[in-house]
Amino acid sequence: MGILEHTGWEKLLELMEAEARQKNAPVYEFRKHVSTPFRALVAVLLSSRTRDETTLEAVKRLFRRADTPEAMLALSEQEIAGLIYPVGFYRSKAKRLRELARVLLKEHGGRVPESLEELLRLPGIGRKSANVVLSSAFGKNAIAVDTHVHRLSNRLGLVSTSSPAETEKQLHRLVPEELKSRLNTTFVAFGQTVCKPVKPSCGSCPLAEHCPGAR
DNA sequence: AAAACGGGGGC
DNA sequence: GCCCCAGTTTT
């Protein structure tokens with residue numbers, strides 16, 4: 001018997017969300033500031049290997065200077081690097097941001113494309129990032145498999161695979177269309193606050209009773 | 001001091 | 001698939 005048989009998808013997401021909101025999961029504050037397509041694209045690029053609180057500090061400063069591809073391209077790599085403290089990886093991230101702005105202007109008239117294929121062709125944007133933009137900025141029913149989604153899906157026994165790509169496939173079959181986008185934020189929020197990578201709070205977890213990974 | 005964080009890109 | 005990247009935070 002899996003956890004879904006006890007809760008169903010809707011209830012599962014509700015339980016996770018309630019707990020994560022109470023614990024002030026960083027992703028909620030983060031999302032408030034990066035809801036437009038360009039901001040979402042920039043933020044997701046910067047968020048690689050970086051916590052949401054850290055990324056948020058950087059994008060708040062960055063967007064005051066460069067909230068459009070034109071403004072971004074007008075800055076030098078060094079200037080961008082200085083603005084994105086404290087995300088780390090300054091040279092590579094600054095270079096990618098500027099290149100991203102350049103391609104956006106040259107290939108897409110400065111607009112963020114809305115298809116997975118086009119997003120994947122942007123420099124610095126891979127499958128996870130493209131799906132985050134599709135779901136968070138364009139409201140599409142996309143599933144973005146980051147480490148949180150991958151880890152939680154496996155711990156909860158929703159999928160069983162070491163491959164993020166396979167997790168994405170299986171979730172697509174499993175999750176009701178209208179809940180796919182919501183799953184991204186909810187799983188990240190719950191992963192940040194309860195079902196953490198190290199030392200998960202199984203003792204106080206509302207799902208522990210029916211979670212195969214609880215310990 | 002060492003491990004964790006995390007996703008893209010190149011091979 | 002595996003390794004590289006390379007700064008900050010957590011343990």
So what does A:I125 hit on the nucleic acid, given a heavy-atom distance under 4.0 Å: a base, only sugar-phosphate, or nothing?
sugar-phosphate
Does A:S92 reach a base, just sugar-phosphate, or nothing at all? Heavy atoms under 4.0 Å.
nothing
Measure the distance from [atom1] on [X] to [atom2] on [N] and round it to the nearest whole Å.
X: A:K95; N: C:dC5; atom1: NZ; atom2: P; value: 15 Å
X: A:K128; N: B:dG8; atom1: NZ; atom2: P; value: 7 Å
X: A:K196; N: C:dT10; atom1: NZ; atom2: P; value: 12 Å
X: A:K199; N: B:dA3; atom1: NZ; atom2: P; value: 16 Å
X: A:R96; N: B:dG7; atom1: CZ; atom2: C1'; value: 8 Å
X: A:F30; N: B:dG6; atom1: CZ; atom2: P; value: 12 Å
X: A:L46; N: C:dC5; atom1: CG; atom2: P; value: 21 Å
X: A:N184; N: B:dG6; atom1: CG; atom2: C1'; value: 16 Å

Determine whether a donor-acceptor pair (N or O, by modelled atom type, separation under 3.5 Å) exists between the side chain of A:R98 and the backbone of A:L75.
yes
A:H148 or A:G124, whichever maps to the more 5' nucleotide of DNA chain B
A:H148
A:V198, nearest nucleotide to its side chain (from C:dG7, B:dG7, B:dA4)
B:dA4
Which nucleotide in B:dG8, C:dG7, C:dT10 has an atom nearest any side-chain atom of A:R51
C:dT10
Please step through side-chain hydrogen bond (donor to acceptor under 3.5 Å, both in side chains) for the pair A:H172 and A:K180, ending with a clear verdict.
CA-CA 8 Å; A:H172 262 298; A:K180 285 178 177 174; 2.9 Å; yes
Phosphate-side-chain proximity, [X] and [N], N/O vs OP1/OP2 below 4.0 Å:
X: A:S129; N: B:dG8; result: yes
X: A:T147; N: B:dG7; result: yes
X: A:Y85; N: C:dG7; result: no

Can you tell me how far P in C:dT8 sits from the matching atom in B:dG9, rounded to whole Å?
22 Å
Could you tell me whether A:R121 and A:E118 have a side-chain N and a carboxylate O separated by less than 4.0 Å?
no
Does A:R96 come within less than 4.0 Å of A:E99, counting only side-chain N to carboxylate O?
no
Please verify the inter-ring angle class for A:F63 with A:F38; under 30° counts as parallel, over 60° as perpendicular, anything in between as tilted.
tilted
